[in-house]
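Notes follow the structure.
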Number of protein chains: 2
Amino acid sequence: MGTAISVFEPIKNNRTFEEVSTRIKKMIFDGVFKPGDKLPPETQLAKQFDVGRQSVREALRILEISGFITITKGGGGGSIIKDTISNTISSLFLDAFHLKKMSLEELTVARVEIEKVVLNHAIDNADESDFKRLKNNVAITKKKIANNLIVLDENIQFHQLIARASKNHLFIIVIEAITTAVRHSMTQLRPDANLTAEGVGYSDQVLQSKNALGYHEAILNAMLDKNRQLATEMLEKHLLEVKSRLQTLVDRDT
Amino acid sequence: MGTAISVFEPIKNNRTFEEVSTRIKKMIFDGVFKPGDKLPPETQLAKQFDVGRQSVREALRILEISGFITITKGGGGGSIIKDTISNTISSLFLDAFHLKKMSLEELTVARVEIEKVVLNHAIDNADESDFKRLKNNVAITKKKIANNLIVLDENIQFHQLIARASKNHLFIIVIEAITTAVRHSMTQLRPDANLTAEGVGYSDQVLQSKNALGYHEAILNAMLDKNRQLATEMLEKHLLEVKSRLQTLVDRDT
DNA sequence: TCACATTTGTCCGTATGTATC
DNA sequence: AGATACATACGGACAAATGTG
């Protein structure tokens, strides 16, 4: 069939910039360059690889949007090794949602199922530091709500912390991608969601933040009690409510 | 905390090539360019956007590795709109596995859990055409094995077809990413895996292909019977055997 | 087979913007 | 404020690949 998978066939690499990017990527994998290290300037890379600057630039562009390096302008700037692959994957997920016109329903169904699985693994594998981070997250959220602030990043982070507690990198990547996509939907639908200033529907959002906090606390307590069933139940309810809230925003929007 | 998520802040876009790439991306989202359409040549794009060709090239590079276009050289060539985001995500998963030194154990645990969930959704949502495709896949595999050929792509495809039957795009993306990563591991560990010529361990692989086929048939039959428990059980056994096989290759390799 | 046009790929020279010291 | 270092950007030129007559 024509469903060819074209991920691992860079043998025939007649484009110089690809050759350069794979060479640098290899060096990163091999530990020649570690996170925080700075790559040589473009001109120097061009000399060392004996290619033109344009080829180097396009190679760096690839590495940048693949999540291997970040680039800063100006003196002392340059290409710094930094792993941002999770962000990159999240961006691509968003693109895919957009392109395939994925529905909120579809996204939520998958999210609920996957997060339930991850939660169960988190209950098995969470250690003291995980619980500490989760408790801390809840505490910060509580404080913000007490000051009538809207909570968004902390709520997303709660779910990512659970994934982290599962100790499984694949789970972590998938959850980060999904939650980031959800966060994006929220800020898209309500651009003021991460502002602290008062506005239309502000108190409404504070209320919903409070609601989410309740669920997060319930989930955390159930995790501490190793009560799988309760934790799973709370998570499912929570995520379905999140969906409903988003759904009303979508409906109001159109 | 400093865990800033930097996915959705392209408002301040002072790099022209980024501006160009987001503009073209937007046009694709808006349907101005549809899959199969060809973008104007680089020189023309440069004129129309009133930028240099270098900026256009870097923009196209971004779109290319983001999975929006494919580029071919020569007369009649150019940038063609084509959705290859799944492949791109798979590649990034592979990079992430590599970078985070994810273990086979870790990958398999997550794979089993996620595929089980997807399988259950597939049982609920599969229609006649899905079953047709799955049956066809099994038939082709059987034929190949009868001719003593090694099966790889069809085996991967079987799992992707199940995901497709779930009718959930998120599941499809995740499964494609994972299975592609597994496929890559196999070809990495055994470069001759997709060759038809005889070689060391060839008959061994034919045997394992036969083994996988047995499981695939069992899973498909259980799906047809709507027997969730049996289907899930077979899938889990199957994936754990795949892991064992890969593990021995890893051990032999090091 | 042989040009020929088209389009990407590559290099160079030069200039500008920007951040650091 | 000035010098320095670096990415960013433009334009011109030619090479290489690919399809067409």
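Everything numeric in this text was worked out from a predicted model, so none of it was measured. Numbers restart at 1 for each chain; the letters A, B, ... are given by sequence-line order, proteins then strands.
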| request: Classify every nucleotide of nucleotides 16-21 of chain C by which part a protein heavy atom approaches to under 4.0 Å, writing B for the base, S for the sugar-phosphate alone and - for neither, in 5'-to-3' order. | output: --BBS-

| said: According to side-chain hydrogen bond (donor to acceptor under 3.5 Å, both in side chains), who are the partners of Lys142(B), at least two apart in sequence or on a separate chain? | reply: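 With sequence neighbours excluded, Lys142(B) shows a side-chain hydrogen bond (donor to acceptor under 3.5 Å, both in side chains) to Glu217(B), given in chain and number order.
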
Kindly list each side-chain donor-acceptor pair under 3.5 angstrom involving residues 26-40 of chain A, sequence neighbours excluded, with atom names and distances?
from, atom 1, to, atom 2, distance (Å)
Asp37(A), OD2, Lys34(A), N, 2.8
Lys38(A), NZ, Gly76(A), O, 3.1

Only pairs under 3.5 Å count here: list side-chain donor-acceptor contacts from residues 96-103 of chain A, not counting sequence neighbours, and write none if there are none.
from, atom 1, to, atom 2, distance (Å)
Lys100(A), NZ, Asp83(B), OD2, 2.9
Ser103(A), OG, Glu106(A), N, 3.0

Can you tell me which residue pairs pass the salt bridge (charged side-chain N to carboxylate O under 4.0 Å, His left out) test with a partner in [range], sequence neighbours excluded?
range	answer
residues 162-171 of chain B	Asp127(B)-Lys167(B), Asp130(B)-Lys167(B)
residues 40-50 of chain A	Glu42(A)-Arg57(A)
residues 86-99 of chain A	Asp95(A)-Lys25(B)
residues 68-81 of chain B	none

| request: Sequence neighbours left out, what passes side chain to side chain contact (heavy atoms under 4.5 Å, CB included) with Glu176(B)? Give chain and number order. | output: Ser86(B), Gln160(B), Ile172(B)

| Test side chain to side chain contact (heavy atoms under 4.5 Å, CB included) applied to Ser209(B) - qualifying residues, sequence neighbours left out | Ile145(B), Ile150(B), Val151(B)

| task | Remember a base hit wins even if backbone is also touched, and classify Thr43(B) as base, sugar-phosphate or nothing at under 4.0 Å, heavy atoms. | result |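 No contact.
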
| task | Give me the first and last nucleotide of DNA chain D, going 5' to 3', that has any atom under 4.0 Å from a heavy atom of chain B. | result | dT8(D) to dG19(D)

| query | In residues 51-66 of chain A, what residues come within less than 4.0 Å of DNA chain D, judged by heavy atoms? | reply |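 Output list: Arg57(A), Arg61(A).
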
